[in-house]
Amino acid sequence: MNVLFTEQQIQQRIGELGKQISADYAGSSVTIVGILSGCLMVMADLLRRTSIPVRTAFISASSYGGTRTSPGQLTINDSMLTDLQGRDILLLDDIYDTGQTMQKVVVHLQQCQPASVATAAMLWKPDRNQTGMEPDYFGFRIPDKFVVGYGLDYNERFRELPWIGIPDEHDLQQAAE
Ligand code: IMP
Ligand code: MG
């Protein structure tokens with residue numbers, strides 16, 4: 001595994017994002033809607049670094065039948081959502097890759113009639129963008145490489161790592177077992 005961002009680098013950046021978001025929503029409140037399961041680490045850390053009233057909600061989006069680089073059909077499960085009408089929403093995911101997931105979930109959340117919807121992701125692969133959209137907040141821009149850790153998985157493995165890395169063939173083989 002080739003470490004791309006250490007735990008310390010990630011935590012420092014999350015602190016900066018927390019300050020930025022707290023300043024942007026100052027005098028108001030924000031509902032952070034995490035996209036499961038990738039959001040789990042960044043959600044928990046970002047929540048602890050915000051200094052404004054925050055509500056939380058979760059939605060799940062997963063693509064089945066896809067490969068590592070091209071996801072299949074996206075399935076959205078909103079049965080865990082709380083009432084979002086009139087709320088300022090910050091949609092949060094682990095990574096903004098092609099942007100398809102974020103874009104589809106944003107469209108889905110519009111049905112809830114929120115006051116506003118912004119997007120945030122820990123990582124952003126600008127070279128892969130297919131939507132013409134950009135995340136409003138992001139931790140780090142990365143090249144078009146498959147990464148794991150800090151919530152990001154391969155076959156539901158590696159989410160627990162406190163750092164982000166590029167797995168080698170050996171790591172991927174182990175995870176496939
Ligand atoms: P998008 O819809 O192409 O933006 O892809 C977003 C989803 O694909 C993320 O929520 C991740 O679950 C997954 N994904 C994209 N790139 C990576 C990666 O490098 N590692 C792990 N998961 C990824
Ligand atoms: Mg994911």
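When a ligand or atom number is given, it counts from 1 through the structure's own listing order. Numbers here simply count residues along the sequence, with the first being 1.
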Note: Leu123, heavy atoms under 4.0 Å from ligand 1, region reported as neither
Begin from the C-alpha positions of Asn129 and Glu134 and carry the test side-chain hydrogen bond (donor to acceptor under 3.5 Å, both in side chains) through to its verdict.
CA-CA 8 Å; Asn129 199 300; Glu134 293 183 356; over 6 Å; no
In Å and rounded to the nearest 0.5 Å, what is the OG1 to CG distance from Thr56 to Leu90?
12.5 Å
Looking at ligand 1, does Val148 have a heavy atom less than 4.0 Å from it?
no
One finds that the ligand 1 atoms under 4.0 Å from a non-hydrogen atom of Asp93 are 10 (O)
Going by the atom numbers of ligand 1, which of them fall below 4.0 Å from some non-hydrogen atom of Leu152?
20 (N), 21 (C), 22 (N)
Testing the 3.5 Å rule here: is there a donor-acceptor pair between the side chains of Asn77 and Thr75?
no
Close N or O approach (Met102, ligand 1; < 3.5 Å)
no
Check ligand 1 against Lys145 and write out every atom of the ligand that is under 4.0 Å from a heavy-atom position of the residue.
19 (O)
Examine the proximity of ligand 1 to Asp153 and report which part, side chain or backbone, both or neither, has a heavy atom under 4.0 Å away.
backbone
Residue Asp97 vicinity, atoms of ligand 1 by number, heavy atom under 4.0 Å:
1 (P), 3 (O), 4 (O), 5 (O), 15 (C), 16 (N)
Should you measure from each heavy atom of Thr98, which atoms of ligand 1 turn up under 4.0 Å away?
1 (P), 2 (O), 3 (O), 4 (O)
Provide the number and element of each atom of ligand 1 under 4.0 Å from a heavy atom of Lys125.
16 (N), 17 (C), 18 (C), 19 (O)
Does Met102 reach the side chain of Pro135, with side-chain heavy atoms less than 4.5 Å apart?
no
Same cluster for Val105 and Val107 if Ile/Leu/Val/Met/Phe/Trp/Tyr side chains link at under 4.5 Å?
no
Are Phe140 and Phe5 close enough that their ring centers fall under 6.0 Å?
yes
Report the residues that fulfil ring pair (Phe, Tyr, Trp, His ring centres under 6.0 Å) with Tyr137, sequence neighbours left out, ordered by chain and then residue number.
none
Pick one: which of Leu152, Val147, Val148 meets side chain to side chain contact (heavy atoms under 4.5 Å, CB included) with Phe158?
Val148
Heavy-atom gap Gly99 to ligand 1 smaller than 4.0 Å:
yes
